[in-house]
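Working notes, beginning with the structure itself.
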Amino acid sequence: MFSCNSNAQKKKQAVYKVSKTEAEWKAQLSDMEFYVLREAGTERPFSSDLNTNYKQGTYVCAACNTPLFKSEHKFDSGTGWPSFDREIEGNVAYGSDSKLGYSRDEEHCAVCGGHLGHVFNDGPRNTTGKRHCINGVSLKFIPKDE
Ligand SMILES: [Zn+2]
């Protein structure tokens, strides 16, 4: 009746509203999107067109279209990645990423769990002081209707 290999030993995983298998994500996303969103990879700096996009609009999750960031909160951090001083509250979730040996705040889409980037405390002093350093490949830009 009891085995050593019980469910309780399985890694606890968050359940997301949008949940797909690895194969399903692979079919939906490009290789680069899959690498960043599903494997928490990082795109090359200055590789995303969105880095220098300053049009009015909303940045949504490239995997599930959840609105994540607004153009009015975007700033040029000089890092080569799209940067924002705040997220759309409730749509971005945080984890911990200690891959580099120090503690950083990993952030991901709250709806599908797709990896977005990290948040740092060296953002604009005159607003939030936060720098959300986001992979452009994790985002899709929806221009504001005129
Ligand atoms: Zn998402």
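Predicted, not measured: the structure shown is a model, and the values here were computed from it. For ligands, and for the atoms within them, numbers begin at 1 and follow the listed sequence.
Using a 30° and 60° split on the angle between ring planes, F141 and Y59 fall in the tilted class, from 30° to 60°. The aromatic rings of H132 and Y94 are tilted relative to each other, their planes meeting at an angle between 30° and 60°.
Look at H108 and the Zn ion (ligand 1): no N/O/S atom of the residue is under 2.8 Å from the metal.
Listed here is the closest heavy atom pair of P82 and K74: CB-CE, 4.2 Å.
Between D85 and K130, no side-chain nitrogen of the basic residue sits less than 4.0 Å from a carboxylate oxygen of the acidic one, so the salt-bridge criterion is not met.
If you put the vertex on the Zn ion (ligand 1), SG of C64 and SG of C112 sit 110° apart, to the nearest 10°. Centred on the Zn ion (ligand 1), the angle running from C61 (SG) to C109 (SG) is recorded as 120°, rounding to 10°.
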